[in-house]
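The block underneath contains the structure these notes are about, expressed in C-alpha cells.
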Amino acid sequence: MKPGKVFPECDCGPRGSCFFEFGQKKCLCSPFSTEKNGKCIVTETSTSISTDSSSFMTTILPSTISACHCGPATNSCFLDSSGDKNCSCFSGYTPVNGHCVECNCGPRGRCSFESGKKKCVCEANAAENDGKCEKCNCGPYGSCGFEYGKKKCDCRSFAIEKNGVCVVMDTTSSEDTTVVTSTIQTSTTQKCNCGPYGSCSFEYGQKKCHCLSFAIEKNGVCVVIDTTSSEDTTVVTSTIPTSTTQNCDCGENSKSCHFTREGDKVCICTSGYAQVYGFCHNCNCGVNSISCFYRRDGTKLCNCDFGYIQEEGHCTAICSEDKCEYGKCEVIGSGFKCRCNEGFTGRRCEDKIETKLNKEDLWKIMQVSLIFAMFVLLSGVLCSMTRILNKIPKMSK
C-alpha cells in the first residue's frame, strides 16, 4: 500500500480503550477523563473571577492524535485498558511486537513465531524449505527433508536412496562376489487415503488416519457417524464414501489387499514374495526352503527343510563335504556331529591319533625282555659247562 493512505482505526487516546459495539466505535475512558469527538481527554477545572460558579474546560492532549497502527496488513487495531496494542492481522500474517508480520508456510503447513523466530509445522509428505512447506516424499522406507535447498532422504538401515526414493536392498552372495541390488516398490507412490473426512499419514511404515470430530476410522477410512435415536434406543451407523474404496494397495506382486477391523493392512502376495511394511516384497530363501516371510522390523526369516539352516538370507546345508575331514557328518537338530574314522578325533575329525605306550605296558615288555635275556645267558653258561665237563675224561686217559 502507498504511504499516507488512511487505515480504519480504533483509537481513543492513551486515557482509554477503544472497541466496536454493533458496528459503532466506543471509548471506555479512565477516571478524570471524558469522551469528546471519539477521544478520551482530561477534564480540567477553572474558576471565573467575576462569578463564584465554576466552569469546566477540556483539553485534547497532543499524544492522543497518535494512531493505533499495526502495519498495512491489519484488519483492526485497538488499545486495551492497560494501554497495550492489540492487532488483528490479514490471513498469512501474525502479530509480532505490535506489528503484523508475514507468516506464511504455504498451503502444506501452519506458521507461528517462537522466541521471535518463524516456525513452520508441515503436514505429512511435506518438509520446510526456505520458510515454506514443500512436497517431500522418500517413500515408506525413509523420512524426507531439505538441506541447503536440496531434497535429502534419511533412509532406514535396510534401504538406500536411489533417484530421490528410499529403496530396499536385495543382497545375493557367492563364494567370491557379493551383489547388492535394489528395487523401487510401488509403495513409493505413498498411496495413503483416509477419505474426505480425515487426513492420512504413515507412522513406522503403518497407515494412520486422523479423522474429523464427527467421523471415526473404520477399515482404514474415516467414515461419518449417523446417529438415529428413539425413546429407548440409539443406533449409530456409518457410511463409507465411494471415493475411499481404492486405498488398499500392496503392489504389483500381490494377489489381494484388505484391512482388518483394527485398521491393519494385510497383503496376500504371489509366490516368491512376502509382506513387509505394507507391500509385497521379494522373499526368496532358495530351493531348500519351505517358506519365506518378514518380521515387523523388516528382518527376513527362512523356514528351511530338514538338514538345512538359514545363513545370510538363504537355506544352506548343515552337513557338507568339508564339515568332517576324516569322518561322517550327522545332523542333530539345527547343528551337526562328526563320526570320525578309526585313528582320528576332534570336532571335525581333523586330528590324527598318535599311539602312546603307558608305563605298565612298558614295564611288562622290560620284564619279558629281561627274562629272555637271562634265559639266553643261562643257556649259554650251561652249554659251556657241558663242553668243559665232556673234555675232562678225555684228558685223564
Side-chain angles (χ1 to χ4, degrees), residues 157-158 160 168-182 271-274 276 281-397:
S157 57
F158 57 84
I160 59 173
V168 180
M169 294 183 292
D170 291 335
T171 305
T172 57
S173 60
S174 60
E175 294 182 358
D176 301 323
T177 62
T178 299
V179 180
V180 179
T181 61
S182 59
S271 178
Y273 292 83
V276 56
H281 181 63
N282 180 37
C283 193
N284 184 14
C285 296
V287 295
N288 299 303
S289 65
I290 300 172
S291 61
C292 176
F293 59 96
Y294 291 94
R295 289 196 183 101
R296 281 186 173 270
D297 61 359
T299 306
K300 181 179 178 182
L301 286 179
C302 296
N303 185 12
C304 302
D305 291 332
F306 177 77
Y308 293 84
I309 191 172
Q310 179 178 349
E311 289 184 0
E312 298 181 355
H314 290 81
C315 291
T316 57
I318 296 175
C319 281
S320 57
E321 295 180 357
D322 59 346
K323 283 289 173 72
C324 302
E325 292 188 19
Y326 300 97
K328 184 180 179 181
C329 179
E330 293 182 1
V331 177
I332 301 177
S334 58
F336 70 94
K337 184 177 181 180
C338 290
R339 302 289 183 184
C340 300
N341 298 334
E342 186 177 354
F344 293 90
T345 186
R347 186 173 183 273
R348 296 179 179 269
C349 301
E350 70 276 16
D351 297 327
K352 186 176 181 180
I353 300 174
E354 295 181 2
T355 304
K356 296 181 180 180
L357 299 177
N358 54 33
K359 291 182 179 180
E360 185 177 353
D361 293 337
L362 184 61
W363 176 245
K364 287 180 181 180
I365 293 172
M366 290 178 65
Q367 285 181 330
V368 172
S369 299
L370 182 61
I371 292 172
F372 180 75
M374 291 179 65
F375 175 77
V376 172
L377 181 62
L378 290 174
S379 297
V381 171
L382 288 174
C383 288
S384 299
M385 292 180 67
T386 301
R387 288 177 182 177
I388 294 172
L389 291 173
N390 289 333
K391 288 181 180 180
I392 291 175
K394 292 180 179 180
M395 291 176 65
S396 61
K397 289 180 180 182

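Basis for what follows: all heavy atoms, side chains included, without hydrogens, waters or symmetry-related copies.
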Using atom types as modelled and distance alone, determine if a side-chain donor or acceptor of Thr316 lies under 3.5 Å from a backbone N or O of Gln310. no
What's the separation between atom CZ in Phe158 and atom OG1 in Thr299, rounded to the nearest 0.5 Å? 9.0 Å
Decide yes or no on disulfide bond (SG atoms under 2.5 Å apart) for Cys349 and Cys340, but give the supporting numbers first. CA-CA 5 Å; Cys349 301; Cys340 300; 2.0 Å; yes
Just wondering, are more than 12 heavy atoms of other shown residues or ligands nearer than 6.0 Å to CZ in Phe344? yes
Pairs touching residues 368-380 that satisfy salt bridge (Lys or Arg N to Asp or Glu O under 4.0 Å), sequence neighbours left out: none
Disulfide bond (SG atoms under 2.5 Å apart) between Cys302 and Cys285, worked out: CA-CA 6 Å; Cys302 296; Cys285 296; 2.0 Å; yes
Given 3.5 Å as the limit, does a donor-acceptor pair link the side chain of Lys300 with the main chain of His314, or not? no
Taking atom OG of Ser384 and atom CG of Leu389, what is their separation to the nearest 0.5 Å? 11.0 Å
Ignoring hydrogens and angles, tell me if any N or O in the side chain of Glu325 forms a donor-acceptor pair with the backbone of Glu350 under 3.5 Å. no
Where do Gly286 and Asn284 come nearest, in terms of heavy atoms and distance? N-OD1, 3.0 Å
Working to the nearest 0.5 Å, report the span between CG of Leu378 and CD1 of Ile371. 11.5 Å
Step-by-step side-chain contact (heavy atoms from CB on, under 4.5 Å) determination, Phe336 to Arg347: CA-CA 10 Å; Phe336 70 94; Arg347 186 173 183 273; 3.4 Å; yes
I'd like to know whether CD of Glu342 has more than 12 heavy-atom contacts from other residues, nucleotides or ligands below 6.0 angstrom. no
Between CG of Leu382 and CG of Leu377, what distance do you get to the nearest 0.5 Å? 9.5 Å
Using every non-hydrogen atom in the two residues, find where Cys292 and Ala274 come nearest and quote the distance to one decimal. O-CB, 3.7 Å
Would you indicate whether the side-chain heavy atoms of Tyr273 and Asn282 approach each other to under 4.5 Å? yes
Side-chain donor or acceptor of Lys323 paired with backbone N/O of Ile318 under 3.5 Å: yes
Aromatic plane relationship, Tyr294 with His281 - under 30° parallel, 30 to 60° tilted, over 60° perpendicular: tilted
Looking at Cys324 and Cys329, are the sulfur gammas closer than 2.5 Å to each other? no
So how far is it from Thr345 OG1 to Tyr326 OH, rounded to the nearest 0.5 Å? 14.0 Å
Return the set of residues passing side-chain contact (heavy atoms from CB on, under 4.5 Å) with Asp305 (not counting sequence neighbours), or none when no residue passes. Asn288, Ile290, Tyr308
